[in-house]
Amino acid sequence: MAFSLTDLNDSLLHLEESFLATVAIDFGTTYSGFAFSFNKEQGKDSIFMNREWVSELGHRTSKTPTCLLLKPDQSFHSFGYKAVEKYANLKSLSEEKEYFFFQHFKMFLHNDESLNLETKITAANGIPLQAKLVFAHSIKFLKDEAVKIIRHQTGDDGYKVEDIQWVLTVPAIWTPRAKQFMRESAYEAGIGSRDHPEQLLIALEPEAAALFCTEKKLNEMGSVSVEGQLSQPNAHYMVVDIGGGTLDVTVHEKQDDGTIKEIYKVTGGPYGGMKVNHQFEGLLNEVFGDQKLYDYRKQFPSDWLKLMNDFETKKRGVRALQKKETRIRLPRSFVSTINDFLTTALKCYASGEVRILNDEYLCLSSRVMVKLFEPVLEAMKDHLKVLLREPQLSQVKAMLLVGGFADSILLLEGIKKSFPAGVV
């Protein structure tokens, strides 16, 4: 059972009575992370975000890729950047076939209407494994990392999983079956149990964002409430949570006492950042041929992962808005595989719109990049426009964009053009 906004708010207010700390896990389609706070002496009003992940470029970051690597015996190997690095550097095709690599598997819960605890999902090597095992391994890693960081932060090795209230966020548009699946996976990972369900709160992502997006938090983030409208009593605002997999939209009213009331049911759809990745894959299929790309992915799965990960990073950049081309680094295996018909393949595009630079980069013009965003951006805008026509939403004063994909400059500017008044 997922907690409503009121339930979550009430539960969080009473945490200090039972637990020493609270850990919230953001289990995302593309990236995951966690934050924590102490419920008693040690600065209970402060939220500490874990920033111990190290990216491929050596930078510390608050999120790590939602990627899981299991050993040939299906035991845990690694999660996040370490899983990506290990998988990308396996020495042979036979090794790649033995290891189990999973990426973007969270959306599987949204798509499978027959989901149950025996459901299986397929790894990169083509072998299906029990979905519950995959999710449990991933949640357990995040749980263990959180406990390790809290112990380091406090200098107290006595902190245990049982001392912590755990919050696991899920998309609001998921079915009850999918939400319960996440709870069962968390139990398997060692967080709570059927006998002690109170240790784990399943919170809806946009409602957790709504609790954060109060006037105080907006000011702390350096955002100014739109012309002071959010500082007014009974202000109505829309929280648009845009992640890698889904778009979740809720509408809330700020009460006189500072609490938040939901005034419209949760809506949304599968309009996340992965849709842009699918458009990019479609572009590659169009340019180089479906069969050629299929054969390449089968022959060089780890190199394909490197290519797509670089696009994942570059699609959030500002170059397309600056009318500059976006450059995606190509593995050597890609260029050598498609080099025999490269010149012919690129003729279907105008000069310079799609090109290979120095056998190292796939260069996309700003127009091509914008076009990759169009389907998902138009779907989002259509959904929001339909919502805003509802009579109950006539007093909405602002639209708050949250979620990982909201960092995309192209997406943000596209939303602002359609809804110029009130996007934060």
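Here the structure is a predicted model, which is why all the values come from computation and not from measurement.
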Does a side-chain heavy-atom distance below 4.5 Å link F405 with V276? yes
Could you check whether any side-chain heavy atom of V170 comes within less than 4.5 Å of a side-chain heavy atom of F27, counting everything from C-beta outward? no
Taking the side chain as every heavy atom from C-beta outward, state whether L168 and M182 have any pair of such atoms under 4.5 Å apart. yes
Salt bridge or not for R332 and D303, using N-O below 4.0 Å? no
Not counting sequence neighbours, list each pair that qualifies as a side-chain hydrogen bond (donor to acceptor under 3.5 Å, both in side chains) and has a residue in residues 67-76. D73-S75
Main-chain N/O of F19 paired with N39 side-chain donor or acceptor, under 3.5 Å: yes
Just do the side chain to side chain donor-acceptor pair (under 3.5 Å) check on E312 and N277 with the steps written out, would you? CA-CA 7 Å; E312 175 67 36; N277 295 41; 3.0 Å; yes
Can you name the residues that form a side-chain contact (heavy atoms from CB on, under 4.5 Å) with E188, not counting sequence neighbours? K132, A136
Donor-acceptor pair, N116 side chain versus S114 backbone, under 3.5 Å? yes
Side chain to side chain donor-acceptor pair (under 3.5 Å) partners for T64, two or more places apart: none
Does the Q199 side chain pair with the main chain of V161, one donor and one acceptor, at a distance under 3.5 Å? yes
Check whether K179 reaches the backbone of A172 with its side chain - one donor and one acceptor, N or O, closer than 3.5 Å. yes
Just distance, no hydrogens or angles: give the donor-acceptor pairs under 3.5 Å from side chains in residues 368-378, sequence neighbours left out.
| unit_1 | atom_1 | unit_2 | atom_2 | d |
| --- | --- | --- | --- | --- |
| E378 | OE2 | K381 | NZ | 3.0 |

Would you sort out whether V249 and D241 count as a side-chain contact (heavy atoms from CB on, under 4.5 Å), showing the intermediate values? CA-CA 6 Å; V249 185; D241 186 359; over 6 Å; no
So, are R60 and E52 salt-bridged, with charged N and O less than 4.0 Å apart? yes
Kindly determine whether L68 and F76 satisfy side-chain contact (heavy atoms from CB on, under 4.5 Å), including the steps that lead there. CA-CA 8 Å; L68 174 70; F76 179 82; 3.6 Å; yes
Those residues at least two apart in sequence (or on a different chain) that pass side chain to side chain donor-acceptor pair (under 3.5 Å) with K82 are none
Return the set of residues passing side chain to side chain donor-acceptor pair (under 3.5 Å) with S366 (not counting sequence neighbours), or none when no residue passes. none
Which value, rounded to the nearest 0.5 Å, describes the distance between I191 atom CD1 and K140 atom NZ? 10.5 Å
On a heavy-atom basis, the closest approach of A208 and T169 is CB-CG2, 4.5 Å
May I ask you to test the L307-P331 pair for a side-chain heavy-atom distance under 4.5 Å? yes
Is there a donor-acceptor contact under 3.5 Å from the side chain of R316 to the main chain of D407? no
Taking the side chain as C-beta and beyond, is there a heavy-atom pair between Q103 and T66 under 4.5 Å? no
Residues at least two apart in sequence or cross-chain that pass side chain to side chain donor-acceptor pair (under 3.5 Å) with K314, listed by chain then number, are D310
Spacing of Y87 atom OH and N89 atom CG [to the nearest 0.5 Å]: 12.0 Å
CD of E390 to OG1 of T267, rounded to nearest 0.5 Å, is 9.5 Å
Which pair of non-hydrogen atoms, one from F101 and one from A83, has the smallest distance, and what is that distance? CE1-O, 3.9 Å
Reported CG-to-OG1 distance for the pair L129 and T122, which is rounded to 0.5 angstrom: 8.5 Å
Are there over 12 heavy-atom neighbours, none belonging to K385, within less than 6.0 Å of that residue's NZ? yes
Taken to the nearest 0.5 Å, the spacing of L293 CG from L283 CG works out to 9.5 Å
Measuring centre to centre across the rings, with the benzene-like ring taken for any Trp, is F300 within less than 6.0 Å of F334? no
Run the numbers on M274 and T30 for side-chain contact (heavy atoms from CB on, under 4.5 Å), then give the verdict. CA-CA 8 Å; M274 288 306 302; T30 309; 4.2 Å; yes
Where do R297 and E96 land on the salt bridge (Lys or Arg N to Asp or Glu O under 4.0 Å) test, with the steps shown first? CA-CA 12 Å; R297 289 196 295 268; E96 290 181 2; over 6 Å; no
Whether Q392 side chain and I263 backbone form a donor-acceptor pair below 3.5 Å: no
How are the rings of Y237 and H252 set to each other: parallel, tilted or perpendicular (split at 30° and 60°)? tilted
Taking T246 for the side chain and I242 for the main chain, is one N or O donor matched with an acceptor at less than 3.5 Å? no
Sequence neighbours excluded, the answer for ring-ring contact (aromatic ring centres under 6.0 Å, His included) partners of Y81 is none
Kindly give the heavy-atom pair with the smallest separation between K292 and T337, and that separation in Å. CE-O, 3.3 Å
Restricting to side-chain contact (heavy atoms from CB on, under 4.5 Å), what partner residues turn up for S193, sequence neighbours left out? D195, H196
Non-neighbouring partners of Y264 that pass ring-ring contact (aromatic ring centres under 6.0 Å, His included), sequence neighbours left out: none
Does the side chain of E413 reach to within under 4.5 Å of the side chain of L321, using non-hydrogen atoms? yes
Over 60° means perpendicular and under 30° means parallel, so classify the ring planes of F36 and F34, tilted if in between. tilted
Under 4.5 Å between any side-chain heavy atoms of L357 and R355, yes or no? yes
How close do C363 and R327 get, heavy atom to heavy atom, and via which atoms? SG-CG, 3.7 Å
Ignoring hydrogens and angles, state whether a donor on the side chain of N50 or E145 is under 3.5 Å from an acceptor on the partner side chain. no
Passes side-chain contact (heavy atoms from CB on, under 4.5 Å), L387 versus H383? Steps please. CA-CA 6 Å; L387 275 181; H383 185 84; 3.9 Å; yes
Where does the angle between the aromatic ring planes of W304 and Y296 fall among parallel (under 30°), tilted (30 to 60°) and perpendicular (over 60°)? perpendicular
What residues form a side-chain contact (heavy atoms from CB on, under 4.5 Å) with D163, not counting sequence neighbours? L20, Y159, K160
Just by distance, do the side chain of R183 and the backbone of L200 share a donor-acceptor pair under 3.5 Å? yes
List for me each residue that meets side-chain contact (heavy atoms from CB on, under 4.5 Å) alongside D295, sequence neighbours excluded, and say none if there are none. Q291
Are S78 and F141 close enough that some pair of their side-chain heavy atoms sits under 4.5 Å apart? no
Is it true that the NZ or CZ of K275 lies under 6.0 Å from the centre of F280's six-membered ring and within 45 degrees of the ring axis? no
M238 to L393 - nearest heavy-atom pair and separation: CE-CD1, 4.3 Å
Shortest non-hydrogen contact between Y361 and L330, atoms and distance: C-CD1, 3.8 Å
